[in-house]
Amino acid sequence: MNHKIKLLASTLLSVGLTAPAFAQDVPASANDDVLKIGLIYTLSGPPAALGEQARDGFLLAAESLGEIGGMKTEIIVVDDEGRPDLAADKARELVQRDEVDFVVGPIFSNILMAIVQPVTSTGTILISTNAGTSTLAGEACNPNFYTTSYQNDQNHEVMGAYAQSQGYQNVFLMAPNYQAGKDSLAGFKHSYTGATAGEVFTELGQLDFSSELAQIAAFQPDAVFTFMPGGMGVNLVKQYSQAGLTSIPFLSAFTVDETTLPATQDAAVGMLGGANWAPDMDTEANKAFVDGYIAKYNAVPGTYAMQAYDAAQLIDSAVKKLGGDLTDRDALRAAIHEADFDSPRGDFSFGANNFPVQDFYLVEAVKRDDGMYGTSVKEQIFDDYVDNYASKCEM
């Protein structure tokens, strides 16, 4: 890593927090000459591949920038272990003991909901690079919270729109039983008006889908739509193929992507997904990102990595605009909102709720010319798409 970036691994303990929500206070760290950034991701257990991609994407950008915002930079990486209670404790440590200027992460929405108050109530900026719950996009929007990803529903809305365009009238829906899973099915149904053959919420972390696959075989739907990230998606895709169900179109988001394709490989090729980006997008910024990621990590980056890469670029652009002076919090928030950087995905800006306004695509799992597996853009579905909850945000 570039010698100007100091990277720390940290195991954190719980401390109290009494600051009011949405505090406008200036954190003590704002007066330091060192830019401190805390990364909080799931880095252990079956979902670790998602958190590792996000961490690596952020660190790749940090290395290429040298000094984020032109400041000496210290990055502290912590593992939330997929546990909301532990994540809240670690978030408190990041802002109170380590006095970070920014907290970046997490992957999962239940973790986001556990850390948003401990972080933002101190006046510290939280930038989510994946989770984007409907509540934080709407009525619970927060001036100290930004996301470089999407509102959870949106990638699923892509697949709902695709199913609608294909004339499907009987789709089987399946997602894990937590906020992002509920958002995923809500998003699909926002764009899809046909009937459903079934709607199933599985346990978060479930790896055996024999019961659900038996239902699909019995119902014979026009298509299946699912959201199963990480190890859940790997097992589902393999078991779907083994069950002989490949004649039924398999539609998904965050199920067949660069975090799962190294394991599913040919079993997933041809499956379709919804996304805000793919590695083969033809932009100069994307080529630099993808080539740099493959060279450093010998893997094809997914959206988790791209969105974290953008978080580093976002922080860099805002801090540079302020000349490293983070004491004026209104100026800092305004500089972040300007989003003055080149995203690998192309179009990117923030809406009034601090969620991105961006394009969305239908993507397909492919085997690349280099022998690795990834996703490829088939067609654009939405242009400069504002999420459905932004109008409920009052900031």
Side-chain angles (χ1 to χ4, degrees), residues 1 5-10 12 27 29-30 34-43 48 50-65 67-69 71 73-80 87-88 90-96 98-109 111-120 122-133 136 142-150 289 293 301-320 326 332-333 335-337 339 341 343-344 348 350 354-356:
M1 168 162 287
I5 300 290
K6 183 179 180 183
L7 174 63
L8 302 176
S10 179
L12 304 176
S29 58
V34 177
L35 182 68
K36 294 184 180 180
I37 302 170
L39 307 186
I40 183 165
Y41 288 118
T42 303
L43 299 171
L50 284 61
E52 289 166 356
Q53 278 233 355
R55 175 201 62 197
D56 292 347
F58 191 95
L59 295 180
L60 177 66
E63 182 178 79
S64 67
L65 291 166
E67 293 180 329
I68 297 178
M71 298 179 66
T73 306
E74 181 179 310
I75 299 173
I76 303 169
V77 180
V78 298
D79 178 9
D80 60 46
K90 290 190 173 185
R92 293 186 182 100
E93 279 289 329
L94 284 173
V95 297
Q96 293 192 340
D98 299 304
E99 295 186 345
V100 297
D101 299 287
F102 297 88
V103 174
V104 175
I107 294 296
F108 292 101
S109 293
I111 302 296
L112 173 61
M113 297 310 294
I115 70 173
V116 64
Q117 194 276 340
V119 174
T120 63
T122 66
T124 304
I125 301 297
L126 172 61
I127 301 174
S128 173
T129 65
N130 191 61
T133 60
L136 291 174
N142 182 326
N144 293 326
F145 174 76
Y146 300 77
T147 176
T148 56
S149 54
Y150 39 68
F289 162 61
Y293 191 96
T303 54
Y304 306 98
M306 182 275 291
Q307 291 160 172
Y309 183 90
D310 273 359
Q313 294 198 98
L314 174 65
I315 294 171
D316 177 67
S317 68
V319 174
K320 280 181 177 175
L326 306 184
L332 174 59
R333 284 184 282 266
I336 295 170
H337 199 273
F341 65 93
S343 172
F348 181 95
F350 281 120
N354 294 339
F355 276 64

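Along the sequence shown, residues carry numbers from 1.
- The nearest pair of heavy atoms linking Ala131 to Ser149 is O-OG, 4.1 Å.
- Of the inter-residue distances, the one linking Thr73 atom OG1 with Glu63 atom CD reads 13.0 Å to the nearest 0.5 angstrom.
- Here the CD1-CZ distance, from Ile75 to Arg55, works out to 12.0 Å after rounding to the nearest 0.5 Å.
- Inter-residue side-chain proximity for Phe348 and Leu314 is flagged as unmet; no heavy-atom pair is nearer than 4.5 Å.
- Residues Pro344 and Gln313 share a closest heavy-atom pair of CD-NE2, 4.1 Å.
- At a threshold of 4.5 Å between non-hydrogen side-chain atoms, the residues Asn130 and Tyr41 do not count as touching.
- Nearest heavy-atom pair across Ala312 and Ala61 is CB-CB, 3.5 Å.
- If you take CZ on Arg92 and CG on Leu94, they are separated by 12.0 Å, rounding to the nearest 0.5 Å.
- In this structure, Thr124 contributes its side chain and Val95 its backbone to no donor-acceptor pair below 3.5 Å.
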Worked check of side-chain contact (heavy atoms from CB on, under 4.5 Å) between Ile315 and Val104: CA-CA 10 Å; Ile315 294 171; Val104 175; 3.9 Å; yes
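- If you take NZ on Lys36 and CG on Leu326, they are separated by 13.0 Å, rounding to the nearest 0.5 Å.
- For the salt bridge (charged side-chain N to carboxylate O under 4.0 Å, His left out) condition, the pairs that include at least one residue of residues 304-315, sequence neighbours left out, are Asp310-Arg345.
- With a 4.5 Å cut-off on side-chain heavy atoms, Phe58 and Ile37 count as touching.
- Between Asp80 and Ala87, the shortest heavy-atom contact is CB-CB, 3.7 Å.
- When each of Ile125, Asn354, Asn144 is tested with Ile336 by the rule side chain to side chain contact (heavy atoms under 4.5 Å, CB included), just one qualifies, namely Ile125.
- Side-chain contact between Glu74 and Val100: absent, with no pair of heavy atoms (C-beta onward) separated by less than 4.5 Å.
- Residues Ile68 and Phe102 have side chains not in contact (no heavy-atom distance under 4.5 Å, counting atoms from C-beta outward).
- Ile40 CD1 to Ile107 CD1: the interatomic distance, rounded to the nearest 0.5 Å, is 11.0 Å.
- Tyr309 is not listed as a side-chain neighbour of Thr148, based on a closest heavy-atom distance of 4.5 Å or more.
- Residues Thr147 and Pro356 form a side-chain contact, since some pair of their non-hydrogen atoms from C-beta on lies under 4.5 Å apart.
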Which is it for Leu112 and Leu126 under the side-chain contact (heavy atoms from CB on, under 4.5 Å) test, yes or no, and what are the steps along the way? CA-CA 10 Å; Leu112 173 61; Leu126 172 61; 3.9 Å; yes
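- Atom CD1 of Ile76 is separated from atom CD of Glu93 by 10.0 Å, given to the nearest 0.5 angstrom.
- Looking only at side-chain heavy atoms (C-beta outward), Tyr304 and Glu52 stay at 4.5 Å or farther from each other.
- What you find for Ala308 and Thr129 is that their closest heavy atoms are CA-CG2, 3.7 Å.
- In plain terms, the two heavy atoms of Pro143 and Arg333 that are nearest each other are O-CD, 3.1 Å.
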Does the pair Phe108 and Leu50 meet the rule for a side-chain contact (heavy atoms from CB on, under 4.5 Å), with working shown? CA-CA 10 Å; Phe108 292 101; Leu50 284 61; 4.2 Å; yes
Hey, mind stepping through Tyr293 and Gln53 against side-chain contact (heavy atoms from CB on, under 4.5 Å) and telling me if it holds? CA-CA 10 Å; Tyr293 191 96; Gln53 278 233 355; 3.6 Å; yes
